[in-house]
Peer 1: 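Dropping a structure here in structure tokens format, bear with me for questions.
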Protein chains: 2
Amino acid sequence: MANTTRSRRERPAKPALSRQWIIAETLEIIRTEGLEKATMRRVAHALDTGPASLYVYIANTAELHSAVLDELLGALPPESEGTWSERLEALLRSYADVLFAYPGLARSALLIRPTGPNAVRLYDRVLGLLLEGEVAVDRAAWGLDLLLQYVTGNAAEHSTPSPGDIDTPADDEAEMGILARALHAADPTTTPHIAEHADLVLSGEPTQRVTWAIQALIAGIAATPTPVATDIRP
Amino acid sequence: MANTTRSRRERPAKPALSRQWIIAETLEIIRTEGLEKATMRRVAHALDTGPASLYVYIANTAELHSAVLDELLGALPPESEGTWSERLEALLRSYADVLFAYPGLARSALLIRPTGPNAVRLYDRVLGLLLEGEVAVDRAAWGLDLLLQYVTGNAAEHSTPSPGDIDTPADDEAEMGILARALHAADPTTTPHIAEHADLVLSGEPTQRVTWAIQALIAGIAATPTPVATDIRP
DNA sequence: ACCTGAACACCGTTCAAGT
DNA sequence: ACCTGAACACCGTTCAAGT
């Protein structure tokens with residue numbers, strides 16, 4: 001009886017399943033517990049239903065994660081100030097920030113190739129900025145993929161496998177420790193360059209390195225001719 | 001390994017569990033059925049034992065996959081002919097080939113940061129070739145990570161999620177189809193650059209694009225100064 | 001000492017059956 | 001028409017108990 005004038009702090013008592021609602025709930029779980037907890041079963045449970053019900057709206061787990069990512073890409077900051085390359089760097093960094101903020105989603109992004117409307121808008125902005133910088137259109141077109149893949153791959157590599165979870169107390173740090181130990185233990189006979197330059201290989205803050213990498217990518221893209229004929233346009 | 005004089009085609013009847021044997025069996029499963037089938041349970045089953053037995057030799061699933069990858073890296077071709085950049089390209093392509101040959105392993109490589117002895121040897125070869133090309137040592141040191149991450153990420157992106165399995169009839173192709181459709185359907189008003197250059201963005205054979213990307217990366221690495229002081233050496 | 005059966009706590013996905 | 005209980009076929013990992 002007395003339908004729905006309930007405490008808003010409590011679960012809103014079965015607010016009718018829908019694609020939007022499922023995505024929102026999934027995002028909430030990813031935010032608080034990480035991607036690996038955002039399972040069909042767990043999302044269904046959070047929505048007070050069984051897993052089978054989700055399949056009315058979402059084809060499978062991959063599509064669920066894909067939809068969440070596109071949702072997030074819709075919230076990228078719209079435009080910054082500066083030269084084309086500064087704006088491009090800022091855009092890519094904001095994309096990287098999204099992926100870092102939701103550890104595990106980068107891994108999804110790497111495998112499912114985002115194709116939602118917001119992803120396409122991101123592609124368009126990157127391509128537009130490269131063209132504004134007078135990068136040859138064929139290099140810009142191929143460079144688009146290279147830039148986004150780098151950022152995505154980098155985020156995937158550095159995002160902790162299980163965020164708020166059991167293992168991985170300070171995961172990326174621990175990971176780096178393992179790598180650092182492996183490099184410092186390098187045998188000077190069989191691996192002389194690593195043995196000599198281990199510190200340099202490991203040097204730099206992550207943000208410094210991402211910034212440098214993006215600059216290097218842009219420079220390389222602008223300077224390297226593709227095998228694709230450029231005389232496509234009249 | 002472990003030369004038991006048996007019919008090599010039949011299962012060698014419980015050849016005593018060992019780390020090497022587990023890794024070899026896992027590799028075989030990955031080769032024939034894909035990474036996602038190389039579960040602790042399935043490997044244990046293939047070795048005629050229960051999953052608990054594997055934990056005597058291997059800490060967890062991640063370590064198992066990690067060990068398999070390092071095993072594969074030990075078989076990279078040793079040295080090619082040509083200029084330093086040609087040899088570097090060849091080396092990176094052979095690394096990419098390994099990852100492509102074992103779909104799914106690239107994804108692991110992206111997340112676990114290979115640190116085995118063979119991985120370190122690969123790092124050393126890449127770094128050595130960059131230095132041979134007279135790339136500044138700080139740029140070479142940072143570029144190492146950029147190059148390997150690109151190749152790994154690229155392989156991860158293009159490797160089919162489930163190789164010899166139920167879904168994904170021609171998976172990467174299907175994926176590309178989805179992307180192609182999304183780009184060709186781009187709205188000329190909101191995403192004008194993509195709408196105009198969709199074909200160019202999608203153009204080129206995968207190998208052409210990888211080759212171009214590696215060249216662009218090398219050029220960018222060589223040309224972009226890092227914030228790390230270069231006057232480390234006397 | 002070395003190994004493992006059995007259990008615990010989960011998964012994705014399907015489909016017959018309910019409302 | 002829309003939804004879902006229950007089942008199917010799996011997972012990783014642990015630990016008490018066996019040899």
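By convention in this document, chain letters (A, B, ...) are assigned in the order of the sequence lines, proteins followed by strands, and residues within each chain are numbered from 1. As the structure is a computational prediction, the values presented were derived from the model and not from experiment.
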Peer 1: Atom CD1 of A:Ile58 to atom C1' of D:dC2: distance rounded to whole Å?
Peer 2: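 Atom-to-atom, A:Ile58 to D:dC2, this comes out as 16 Å.
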Peer 1: What integer distance in Å separates A:Glu36:CD from D:dC11:P?
Peer 2: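 Taking CD of A:Glu36 and P of D:dC11, I get 19 Å after rounding.
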Peer 1: If we take the C1' atom in both D:dC11 and C:dC8, what is their distance in whole Å?
Peer 2: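 One C1' to the other, the span is 12 Å.
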Peer 1: Round to the nearest Å and state the distance from A:Glu63 atom CD to C:dG12 atom C1'.
Peer 2: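 Nearest whole value for this atom pair: 15 Å.
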Peer 1: Checking contacts here: which listed nucleotide (C:dT14, C:dG5, C:dG12) is nearest the side-chain heavy atoms of A:Ala52?
Peer 2: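 Nearest to the side-chain atoms of A:Ala52, counting from C-beta on, is C:dT14.
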Peer 1: Please report, rounded to the nearest Å, how far the P atom of C:dC11 is from the CG atom of A:Leu64.
Peer 2: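 Those two atoms, CG and P, are 13 Å apart.
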Peer 1: Return the pairing partner of D:dT14 with a 3.5 Å limit on both distances, Watson-Crick or G-U wobble; otherwise return none.
Peer 2: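 Paired with C:dA6.
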Peer 1: In this structure, how many angstroms lie between the C1' atom of C:dA6 and the OH atom of B:Tyr55, rounded?
Peer 2: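 In whole Å, C:dA6 C1' lies 15 Å from B:Tyr55 OH.
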Peer 1: Is the phosphate of C:dT13, meaning OP1 or OP2, less than 4.0 Å from a side-chain N or O of A:Thr61?
Peer 2: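 Answer is yes, contact under 4.0 Å.
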Peer 1: What is the distance, to the nearest angstrom, from the CG atom on A:Leu54 to the C1' atom on D:dC3?
Peer 2: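 Taking CG of A:Leu54 and C1' of D:dC3, I get 11 Å after rounding.
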Peer 1: Taking only the C1' atom of each, what is the distance from D:dA17 to C:dC2 in whole angstrom?
Peer 2: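 It comes out at 13 Å once rounded to the nearest Å.
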Peer 1: Would you give the length of the straight line joining atom OH of B:Tyr123 to atom OG1 of A:Thr191, rounded to the nearest 0.5 angstrom?
Peer 2: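 Those atoms lie 12.0 Å apart.
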Peer 1: CG of B:Leu47 versus C1' of C:dT4: gap in Å, rounded?
Peer 2: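 Taking CG of B:Leu47 and C1' of C:dT4, I get 14 Å after rounding.
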Peer 1: Working to the nearest 0.5 Å, report the span between CE of A:Met40 and OG of A:Ser53.
Peer 2: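 So the gap between those two atoms works out to 10.5 Å.
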Peer 1: Looking only at the side chain of B:Tyr57 (C-beta and beyond, no hydrogens), which of the listed nucleotides D:dT4, C:dC11, C:dC3 gets closest?
Peer 2: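 Minimum distance to the B:Tyr57 side chain belongs to C:dC3.
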Peer 1: Verify salt bridge (charged side-chain N to carboxylate O under 4.0 Å, His left out) between A:Arg19 and A:Glu63, making sure each step is shown before the conclusion.
Peer 2: CA-CA 11 Å; A:Arg19 201 184 148 86; A:Glu63 198 204 301; 2.7 Å; yes
Peer 1: With a 3.5 Å limit on both atom pairs, tell me what D:dT19 is paired to, counting Watson-Crick and G-U wobble, or say none.
Peer 2: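 The answer is C:dA1, by the H-bond criterion.
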Peer 1: Just checking B:Ser53: base, sugar-phosphate only, or nothing, at a heavy-atom cut-off of under 4.0 Å?
Peer 2: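 Base contact.
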Peer 1: Over how many whole Å does the gap from A:Ile22 atom CD1 to D:dT4 atom P extend?
Peer 2: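 Rounded to the whole Å, the gap is 10 Å.
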Peer 1: Walk me through whether A:Arg107 and A:Glu36 qualify under salt bridge (charged side-chain N to carboxylate O under 4.0 Å, His left out).
Peer 2: CA-CA 11 Å; A:Arg107 261 165 293 159; A:Glu36 23 287 307; 3.7 Å; yes
Peer 1: If you only use heavy atoms from C-beta on, which nucleotide in D:dT13, D:dT4, C:dT4 is closest to the side chain of B:Arg41?
Peer 2: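 From the listed options, D:dT13 comes nearest.
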Peer 1: For A:Asn118 versus A:Arg121, what's the shortest heavy-atom pair and its separation?
Peer 2: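 Shortest heavy-atom contact: OD1-NH2, 3.0 Å.
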Peer 1: Any idea which of C:dG12, C:dC11, D:dT4 is nearest the A:Arg42 side chain?
Peer 2: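 From the listed options, C:dC11 comes nearest.
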